[in-house]
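Every chain is numbered from 1 and lettered A, B, ... according to where its sequence line falls, protein lines coming before strand lines.
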Amino acid sequence: MKDFYSKVYEIVELIPYGRVTTYGAIAEALGARKSSRLVGIAMNLSHELVPNLPAHRVVNRNGVLTGKHHFIGANTMENLLSNEGIEIVDDVIKNFKLLFWNPREEL
DNA sequence: ACAGTGACTACAT
DNA sequence: AATGTAGCCACTG
C-alpha cells in the first residue's frame with residue numbers, strides 16, 4: 001500500500017478529460033470515506049509535488065469549485081474547466097451529476 | 001510541544 | 001430545512 005497522498009495523486013491523474021470527481025469519492029475509493037479532508041490537503045500540497053496534477057477536475061460533493069482560490073489566479077480553475085467543455089456558473093459545475101467520474105468504477 | 005486550521009462529508013439535533 | 005458536531009491528519013505559528 002502506497003502513501004495516502006500518492007494514491008490520491010494517482011487517482012486524480014486518472015480523471016478523464018472533460019470529467020470531474022469529488023474529494024469524497026477519491027477518499028472513498030481509497031477506503032477512507034471520512035478522510036475526504038486529507039484529499040483536499042493533498043491537493044494543496046500537490047502544488048509543489050505534482051504541478052501537472054489536474055486538480056481543477058476535483059470539486060466538493062456539490063460540484064462547487066471550493067478550491068479555486070488556491071490556484072494561481074482567481075479564474076484559473078474556471079478557465080481550465082471551461083477549456084475542457086465544462087460549464088461553470090457561480091462556481092458550480094453545470095451538469096455535474098452527468099460529468100461526475102467515479103474512481104471506484106475504474107478501479 | 002501544543003493548539004489552531006483547512007481544497008470535506010456524513011450524521012445528529 | 002438548517003445548524004452543529006465528529007472524524008480524518010498534515011502543516012503552521
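Of all the residues in residues 32-44 of chain A, A/Lys34, A/Ser35, A/Arg37, A/Leu38, A/Ile41 reach under 4.0 Å from DNA chain C with at least one non-hydrogen atom.
In terms of the side chain to side chain contact (heavy atoms under 4.5 Å, CB included) criterion, residue partners of A/Glu28 (sequence neighbours excluded) are, by chain and number, A/Arg104. By the side chain to side chain contact (heavy atoms under 4.5 Å, CB included) test, A/Thr21 is found to be paired with A/Ile15, A/Ala25, A/Ile26, A/Val58, A/Phe100, A/Trp101, A/Pro103, residues two or more places apart in sequence or in another chain being considered.
At a cut-off of 3.5 Å, with distance as the only test, a side-chain donor of A/Glu84 or A/His56 sits close to an acceptor on the other residue.
Counting non-hydrogen atoms under 4.0 angstrom, A/His47 reaches a base of the nucleic acid. Among the protein residues, A/Leu45 comes within range of the sugar-phosphate backbone only, with heavy atoms under 4.0 Å from sugar or phosphate atoms but none that close to a base.
Note that CG of A/Asn83 and OG1 of A/Thr76 are 12.0 Å apart. Values are rounded to the nearest 0.5 Å.
Of the candidate nucleotides B/dA7, B/dA10, B/dC8, B/dC8 has the atom nearest to the side chain of A/Asn60.
Hydrophobic cluster membership is shared by A/Leu14 and A/Leu30, with clusters built from Ile, Leu, Val, Met, Phe, Trp and Tyr side chains linked at under 4.5 angstrom.
Other residues, nucleotides and ligands contribute at most 12 non-hydrogen atoms within 6.0 Å of the CD atom of A/Glu87.
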Secondary-structure notation, DNA chain C, from Watson-Crick and G-U pairs under 3.5 angstrom (| other strand): .||||||.|||||

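Counting only heavy atoms from C-beta outward, the side chains of A/Thr22 and A/Phe96 approach each other to under 4.5 Å.
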Side chains of residues 42-50 of chain A: which donor-acceptor pairs under 3.5 Å do they make with residues two or more places apart or in other chains?
residue: A/Ser46; atom: OG; partner: A/Met43; partner atom: O; Å: 2.4
residue: A/His47; atom: NE2; partner: A/His70; partner atom: O; Å: 3.1

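The outermost nucleotides of DNA chain C lying under 4.0 Å from heavy atoms of chain A, listed 5' to 3', are C/dG7 to C/dC11.
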